[in-house]
Amino acid sequence: MPVGQLVREVAATFQEYTQSGGVRPFGCSLLIAGADHNGNHLYQLDPSGTFWCWKATSIGRGGSSAKTFLEKRYDAQMELEDAVHTCLLTLKDSFDGLMTGTNTEVGRVSNGRFEILSVEQLKDYLDQI
């Protein structure tokens, strides 16, 4: 299923719950990332059912300052390794405590597949920031 179609389906469900009586609306935003025949995609979905396509974004506590940081650092031509570093630097800026391989998780889309970095892989990145 194309990522955009998946996002539209989830957004329709969110919007339906927002307007239906007797049901509780969803109360969280989502970031949906994926790859399909059109390339890699990142969408932000709000509880109202509204969604946006991004190259890089952040939600949650500290999301505004993280977006500002990403606007300054993100480059569409950056290598995947640089993107992971930028992601971790963005997260570190609003992180409470020490970032470790056990309290931090990074997912990435590589060669059309989504993967979550292992604790060992993540530790290598964290040692560099």
Scan residues 46-63 for pairs that pass side chain to side chain donor-acceptor pair (under 3.5 Å), counting only residues two or more places apart or in two chains.
S29-D46, Q44-D46, Q44-W54, S48-T50, R61-D96
Using 0.5 Å steps for rounding, measure from the CE atom of M99 to the NZ atom of K123.
13.5 Å
Transitively linked via ILVMFWY side-chain contacts under 4.5 Å: L45 with L42?
no
D93 versus T90: any side-chain heavy-atom pair under 4.5 Å?
no
Can I59 be reached from I32 by stepping across I, L, V, M, F, W or Y side chains whose heavy atoms are under 4.5 Å apart?
no
CG of L122 to CG of N103, rounded to nearest 0.5 Å, is 9.0 Å
Can you name the closest pair of heavy atoms from N38 and D36 and give their distance?
N-OD1, 2.8 Å
Distance check, rounded to the nearest 0.5 Å: T13 atom OG1 versus R8 atom CZ?
13.0 Å
Please report the interatomic distance CG(D124) to OG(S118), rounded to the nearest 0.5 Å.
8.0 Å
Mind checking whether V3 and L31 sit in one hydrophobic cluster, side chains of I, L, V, M, F, W, Y counted as touching below 4.5 Å?
no
Minimum heavy-atom distance between F14 and C28, given as atom pair plus value:
CE2-O, 3.6 Å
From CA spacing to verdict: side chain to side chain contact (heavy atoms under 4.5 Å, CB included), H85, E79
CA-CA 10 Å; H85 282 280; E79 297 291 325; over 6 Å; no
Supply the atom-to-atom distance Q77 CD to D82 CG, rounded to the nearest 0.5 angstrom.
12.0 Å
Show the nearest heavy-atom pair for residues Y43 and G4, with the distance to one decimal.
OH-CA, 3.6 Å
Step by step, work out the side chain to side chain contact (heavy atoms under 4.5 Å, CB included) result for F95 and T104.
CA-CA 10 Å; F95 201 84; T104 308; 4.1 Å; yes
For Y17, does the OH atom sit with more than 12 other heavy atoms under 6.0 Å from it, leaving out its own atoms?
no
Identify the two heavy atoms, one from Y74 and one from A56, that lie closest to each other, and give their separation to 0.1 Å.
CD1-CB, 3.9 Å
Answer yes if L89 and L91 sit in the same cluster of Ile, Leu, Val, Met, Phe, Trp and Tyr residues linked by side chain heavy atoms under 4.5 Å apart, and no otherwise.
yes
Show me the side-chain donor-acceptor pairs of residues 62-70 shorter than 3.5 Å, one per line, residues at least two apart or across chains.
unit_1: S65; atom_1: OG; unit_2: G62; atom_2: O; d: 3.1
unit_1: T68; atom_1: OG1; unit_2: S64; atom_2: O; d: 3.1

Identify the two heavy atoms, one from E105 and one from I116, that lie closest to each other, and give their separation to 0.1 Å.
CG-CG2, 3.5 Å
Establish whether M78 and V84 are linked, either directly or via other cluster members, by ILVMFWY side-chain heavy-atom contacts under 4.5 Å.
no
